[in-house]
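Take a look at the structure below.
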Amino acid sequence: MSIPYGQTRTRVAARHALIAPDGHVKSVVPGITGAATIILINPTMGARFAQVLVTFEAGGSAVVPANDVQTAGYFETGGATLTVGGRKQKVTAGAFFYAPAGEAWSITAPKKGTRVTLFQKKFEPLAGVAAPTAIIGNAADVPGQPFLGDPDARLQVLLPDVPAFDLAMNIFTYQPGATLPFVETHVMEHGLLMLAGQGVYRLEDSWYPVAAGDVIWMASYCPQWFVAMGKTPASYLYYKDVNRAAV
Ligand code: UGY
Ligand code: MN
């Protein structure tokens, strides 16, 4: 569907943002070549993390040296060779990975059009708890659990739910008509990518029709609610900061 000249669904507010694909502009990011790289969310917006969409050309690569940033990544489409934590593996759509701070990682030999979402955040160590180690997995192997007892709203928790991790990466899938059970208001931030379907997202006091490809930033304490609409299930990938002290 073409967007009328001079218009967009994108809205950037103080405590939330909806970024529609029609407004994407590429950035050059060190280490990523042969790809369209879109920095969708980052600290300039007020966030404490970054969400980056990388769409690879054939022959592209992401070769990221070790630094104090950890990365959680999700392959939405395509496939590539992924090297993380000394493991080198061919991966396809649905694959995810976690690269701890202090470890280099790379994506090489991508199929043309491979889309990868990266969530990046400086790691906050927890005294007395060993830092997390590298992970490669596939969402197809992670069962979806009913969310607060609702079998029509299922949550796949991709990374281990243990105190060592200061971030989570989950996939939420709703049958048409299913909702978040209440309007959530919480200290955790979210970065979100609509993977499939459509629905309406409430962010603070605004309601937005959203569909696959849309990205949302929810700041700490942004009231949030979702209803899946349309005839097919809606699903989204999202980031959350977790497991650290209140002050
Ligand atoms: O994990 C969450 O906070 C999740 N229920 N939030 C959301 O989907 N907006
Ligand atoms: Mn939430």
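This chain uses plain numbering: 1 for the first residue, then up along the sequence. In listed order, ligands and their atoms are each counted from 1.
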Contact atoms of ligand 1, heavy-atom distance to [X] under 4.0 Å:
X	answer
Y201	7 (C), 8 (O), 9 (N)
Y238	1 (O), 2 (C), 4 (C)
F172	5 (N), 8 (O)
Q224	6 (N), 7 (C), 9 (N)
F147	5 (N)
H186	3 (O)

Considering only heavy atoms from C-beta outward, does the side chain of [X] approach that of [Y] to under 4.5 Å?
X	Y	result
V200	Y208	no
P176	K231	no
V54	I32	yes
L126	N243	no

### Query
Nearest protein heavy atom to atom 5 (N) of ligand 1, by residue and atom, and its distance?
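Ranking protein heavy atoms by distance from atom 5 (N) of ligand 1, first comes E184 OE2, 2.6 Å.
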
### Task
If you have a sec, work out which protein heavy atom is nearest atom 8 (O) of ligand 1 and how many Å separate them, to one decimal?
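Answer, as residue, atom name and distance: Y236 OH, 2.6 Å.
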
### In the protein, N/O/S atoms that are found under 2.8 Å from the Mn ion (ligand 2), waters not counted
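Listed by chain and number, the nearby protein N, O or S atoms are E184 OE1, H186 NE2, H190 NE2, Q224 OE1.
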
### Message
Counting neighbours of CG on D161 that are heavy atoms of other residues, nucleotides or ligands and sit closer than 6.0 Å, is the number greater than 12?
### Response
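Open.
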
### Message
Under 3.5 Å between any N/O of N170 and any N/O of ligand 1: does that happen in this structure?
### Response
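No, no N or O pair falls under 3.5 Å.
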
### Query
Out of H190, E204, H16, R202, which residue meets the side chain to side chain contact (heavy atoms under 4.5 Å, CB included) rule with Q224?
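The single option meeting the side chain to side chain contact (heavy atoms under 4.5 Å, CB included) with Q224 is H190.
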
### T117, T173, L237 screened by side chain to side chain contact (heavy atoms under 4.5 Å, CB included) with L195, the one that passes
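So the option named by the test is L237.
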
### Query
Where does H190 meet ligand 1, judged by heavy-atom distances below 4.0 Å: at the side chain, the backbone, both, or neither?
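Side chain only.
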
### Message
Angle between ring planes, Y174 versus F226, binned at 30° and 60°: parallel, tilted or perpendicular?
### Response
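Rings of Y174 and F226: perpendicular, as their planes differ by over 60°.
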
### Query
Can you tell me if F226 has a non-hydrogen atom under 4.0 Å from ligand 1?
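The answer is no, since F226 has no heavy atom less than 4.0 Å from ligand 1.
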
### Joint cluster assignment, W217 & L40, ILVMFWY side-chain distance < 4.5 Å
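Yes; L40 is reachable from W217 via cluster members.
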
### Query
Would you call R48 and E189 a salt bridge, taking side-chain N to carboxylate O under 4.0 Å as the test?
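A salt bridge links R48 with E189.
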
### Query
Between K121 and D166, is there a salt bridge with N-O shorter than 4.0 Å?
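Salt bridge: yes.
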
